[in-house]
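Beneath this line is the structure, given in structure tokens, with notes to follow.
No experiment lies behind these values; they were computed from the predicted model shown. In what follows, chains carry the letters A, B, and so on, assigned in the order in which the sequence lines appear, proteins first and then strands, with residues in each chain numbered from 1.
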Amino acid sequence: MSDPNGLITPGQTAPGFTLPASPDAREVGPGQFRGRPVVLAFYPADWTPVCSDQMALYQAALPELERYDAVLLGISVDSVDSHRAFAQSRGIRFPLLADFEPKGEVSRRYGAYAPRGQSDRALVVIDPDGRVAWSHLSPPEVNPGVDGILDALEQLGTDRRVSAR
Amino acid sequence: MTTPLQVTTARLRVPVTDRDHVRGPADAPVTVVEYGDFQCRFCGAAYPNLAEVRRQRADVVRLVYRHFPITNVHPHAENAAETAEAAGARGRFWEMHDWLYEHQDQLDPVHLSLGVEQIGLSPDEIDAEVGRQAYADRVRQDFVGGIRSGVNGTPTLFVNDIRHDGGYDLAELLAVVDAVAPT
């Protein structure tokens, strides 16, 4: 069961926020990257099973996202301490944001909070102007991969080139 | 309004071509494309089952192997993949592939060189090529094609271009192959 209002949809303004992030608990949020696409990867919890782990995959795929100048931020309700240890164990170098206190507040604002007390497994691509360009909700046990994100970033690049003509 | 859960059937976006490493008859009706990581223990577990599928369905199945090293979790995976490519440039890809999966706990540089020697190639030559990353682009191309096709971990198999989202035990793999094989 997901948020009764549903995951935020394309065209909406992405709610602004900052959260403490791994590794050093500095405050990080999408507003700091205006002018670049921002990918928010909400996920249920650190320490999910290995090898098909979504965040480890995203670290490996990060160079491809960076080809679109995109910024990747992982978000769960785990604490910064958990994020730091998790990031270290999986070689994750992009920020993992702690939606920890008040618990799940940012996830709720994006419609990505499940009543079981975790973030949904949800992806949101925010365009360089701060509007939602694409969003996707997966079942918690399904790793959504990277293809949808890359398709959305590619589409964003195409749309902007067209509108710039 | 609640958001419906979205599950898509991923399809292989990079067709099998001459650049691929292919094992089995060229005209096989069933093509299994594996995206794998030589240091991933799940790939290691799938390896003997895939070999057995090829043995039991020799006229039906061909196997294609593409690289999907998740290097931040598996520090030896990239070197292993590039070493397999260096062997492939000498016509020995599958020998190296098999050695790697049969020695997953010996992928450090010293043991890897011994493996290269065991399949009859020169470790010095291959170390030098891997050292200057001669095959890094080739491995990266496989990886990028994989993520664009919806590979979300390893191993990921595509059976006649459709992602197999189930397990990797022999019975299930045979069932999947038989389901798409013409009768």
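B:Leu112 and B:Tyr65 end up in the same hydrophobic cluster when Ile, Leu, Val, Met, Phe, Trp and Tyr side chains are linked at under 4.5 Å. Linking ILVMFWY residues whenever their side-chain heavy atoms come closer than 4.5 Å, directly or via other members, leaves A:Ile92 and A:Val80 in distinct clusters. B:Tyr168 and B:Val64 sit in two unconnected hydrophobic clusters of ILVMFWY residues. Membership requires side-chain heavy atoms under 4.5 Å apart, directly or through other members.
At most 12 heavy atoms of other shown residues, nucleotides or ligands fall within 6.0 angstrom of atom CZ in A:Phe100. In A:Arg67, the CZ atom is not crowded: 12 or fewer heavy atoms of neighbouring residues, nucleotides or ligands sit closer than 6.0 Å. The neighbour count for A:Glu66 CD, taken as heavy atoms of other residues, nucleotides or ligands under 6.0 Å away, is above 12.
Side chain of A:Asp147 to backbone of B:Ser149: no donor-acceptor contact under 3.5 angstrom is found. Although no hydrogens or angles enter the test, the distance criterion places a donor-acceptor pair under 3.5 Å between the side chain of A:Asn143 and the main chain of B:Asn152. The closest donor-acceptor contact from the side chain of B:Asn72 to the backbone of A:Arg90 lies under 3.5 Å.
Looking only at heavy-atom pairs under 4.5 Å with chain B, the residue among A:Gly91, A:Ser135, A:Ala60 that has the most is A:Ala60. Of the listed residues (B:Ile147, B:Asp37, B:Val144), the one with the most heavy-atom contacts under 4.5 Å to chain A is B:Ile147.
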Original post:
Passes side-chain contact (heavy atoms from CB on, under 4.5 Å), A:Val146 versus B:Arg148? Steps please.
Top reply: CA-CA 7 Å; A:Val146 193; B:Arg148 295 309 298 250; over 6 Å; no
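Atom CG of residue A:Leu57 and atom CZ of residue B:Phe143 lie 6.0 Å apart, to the nearest 0.5 angstrom.
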